[in-house]
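This report refers to the structure that appears directly beneath it.
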Amino acid sequence: MKSMQRLMMLIALFAAINSTAQTTTDPKMKPFIDALMKKMTLDEKIGQLNLPGSGDIVTGQASNSDIGKKIKEGAVGGLFNIKTAAKIRAVQKVAVEESRLKIPMIFGMDVIHGYQTTFPIPLGLSCTWDLKLIENSARIAAVEASADGICWTFSPMVDISRDPRWGRISEGSGEDPYLGSQIARAMVKGYQQNDYSSNTSIMACVKHYAAYGAAEAGRDYNTTDISRISMYNNYLPPYKAAVDAGAGSLMASFNEVDGIPATGNKWLLTDVLRKQWGFKGFVVTDYTGINEMIDHGMGNLQTVSALALKAGVDMDMVGEGFLTTLKKSLAEGKVTQKDIDDACRLILEAKYKLGLFKDPYKYLNEERAKTDIYTPAHIKAARTTAAESFVLMKNQNNLLPLKKGGTIALIGPLADTKENMPGTWSVATDLKTAITVREGLQNVLGSNAKILYAKGSNLDADSLFEQRATMFGRDLVRDGRTAQQMMDEALAIANQSDVIIAALGESSEMSGESSSRSNIEIPQAQKDLLMVLVKTGKPVVLVLFTGRPLVLNWEKANVPSILNVWFGGSEAGNAIADVLFGDVNPSGKLTTTFPQNVGQIPLYYNHKNTGRPLTDSLWFQKFRSNYLDVSNLPLYPFGYGLSYTTFSYSDIRLSSATLGKTGNITATVTLKNTGNRDGAEVVQLYTRDLVGSVTRPVKELKGFQKIFLKAGESKAVTFTISAEDLKFYNSEYKFVAEPGDFKVFIGGNSVDVKEASFKLL
Ligand code: BGC
């Protein structure tokens, strides 16, 4: 009887929930959760904080599995990386029909750059500098993921990184906090739509908080040690932008910050995140993040679990530290009931906001998978987006675009591999659906040209390295022939052709998690091949696959054309062909600096001037800040990228030479398409604060516009600058704009710019 009454009460409570959008301001949320929490036992509350992996769930056995048993006991708050509405329905059913309080679970997944339809890796996506396109890619990902039962994504990844050795640089938006913040906002909006009422809005989880991208020596999971002022000015802004955009959840990072792992770092998770930024969502750890604090040297599982909870973690991914120790810690006074209640409330609130109490099956419409996933419209968007992400690095004598005719030699280990097109962290896609370069060329050329193909070389001479670099089904199918035999075959087709397209670089798993490199060149076996191909004297186009900036000195000096295509997603091959043959004019611009060698790292455009900058020389000066053996210049700077047309910039016209504390000034240039093809240019605005209470970067991105111009067309491009744009965190971590002299720069990359000056009053 008692349980019947309880059930009736719950049903009444659930029915009372408004049918309109569930937002944080919904007045019914608090009373609903208050009432629910009153009924919850301590174990059930702790259970909500538990996020195990999807474990042993097999369709049809959900109830009998080990996880199923825990779900019935109310010991699971959610699951992740399980997909399809049918599978998820089976486990959700256990939660809402067989557990005592029938609390629905939340289902997460790493939907990072698309779902079944994949978009370019995030680093590539950022090179579009097209916020609408980026938002749309997240929207499509949300539509597809939700059609497969997923309501929570572990994205956007907004870690700023200045270190291309770090494999996860591929998962973020590059080195710039301003651009990174804009992209963070666009992604959150794309996933959540500022409104969870629709069953295609999924909850974002901004990660990895914080400063994961500053891992020392670029080695994944390594210590970070950065000053707090750099943290505020360079690393925190994109997380804050995502929080301001309403991201429903946030993931703590693996690394330590100020000597305390982020997962147990109260300053990060409570003082900054909640008190300074007013974050209202919940915090989840990264995979076994709590348990890893044992190896960090923070104590045993009970100690580190209590540390995490008290620091501000709400949900424990995989490690079950909360599940197995919090009760004991409460009894021993190491955590309080309030600590547990606060975390539990935030998890329940997330479920409430998503509408799961109203309808636990909201995201579980099996029909949607048939109509909403991998649709022609999504595939088309993937193709357009991929083409926009490519960066044309070099194009000697306008070799590109190629003519749709003649004989083309397509050579290289990346030319005909479906598995390596989507790029790292594309866990939901069927790799077999991706379009290879070879297929793309065939699709775009039809019978207009003859395509000859040879693999040319393995990924690398070292088979063990290749094994490590082709995990998770991304096999390149190692060729048993000798390097010479493969090269000879490639040369034979090269000699019969009018042009050589060399598809070389990294395999998709050479970047991403746990894929750091100390040598960031194209693997030697492929470089050897490239050298031989260039030596034939035939025109060579290098189609470069990479998840990070690479060192490309020889390539830059010797290969006529280089098109950097990152990992373009489902439609990579088609998009590559679109650009190679001129159906699309490339417009991508780099969002990370390409160094001349690994010794220059970290090398980034928004560096400080130092007390001994180089003066008039670009090379060596004794007792100045430079190297004996390499200049300070990058190989390719931040913001760089060519087009099949050319653009000219007029001088900057400022509306006033002074800017007040309120109000604004405008900076205008006339942009002209001076070539004979239509094309788009990313016009970039930078400023420099010449004198500050703390040292200021030599340049900081403050705005950008992607402008399309027909051949010969001109347009005035205007940016508005206010004191707000000039703010930075000072040595007291206050966000201020300081009066004084500023420079403003506008140009097509961070180096080639026009310059003007103004004063902030
Ligand atoms: C990664 C996260 C990811 C999580 C869940 C971790 O290893 O660092 O980025 O979201 O796994 O798959």
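Values below: every heavy atom of this structure, side chains too, minus hydrogens, waters and symmetry copies. Each ligand, and each atom within it, is numbered from 1 in the order the structure gives.
No more than 12 heavy atoms of other residues, nucleotides or ligands lie within 6.0 Å of NZ in Lys93, so this atom counts as exposed by the packing criterion.
For the atom pair Ser518 OG and Arg219 CZ, the distance stands at 11.5 Å (nearest 0.5 Å).
Within 4.0 Å of ligand 1, contacts by protein heavy atoms are made from Phe80, Asn81, Asp110, Phe154, Arg168, Lys207, His208, Met251, Phe254, Asp286, Tyr287, Met317, Trp425, Glu513.
Between Glu366 and Arg89 there is a salt bridge, since at least one side-chain N of the basic residue sits less than 4.0 Å from a carboxylate O of the acidic one. Between Asp258 and Arg228 there is a salt bridge, with a side-chain nitrogen of the basic residue lying less than 4.0 Å from a carboxylate oxygen of the acidic one.
For Arg139 and Tyr191, the positive end is not near the middle of the six-membered ring at less than 6.0 Å and at most 45° from its axis. For the pair Arg274 and Phe279, the cation-pi test (distance below 6.0 Å, angle within 45°) is failed.
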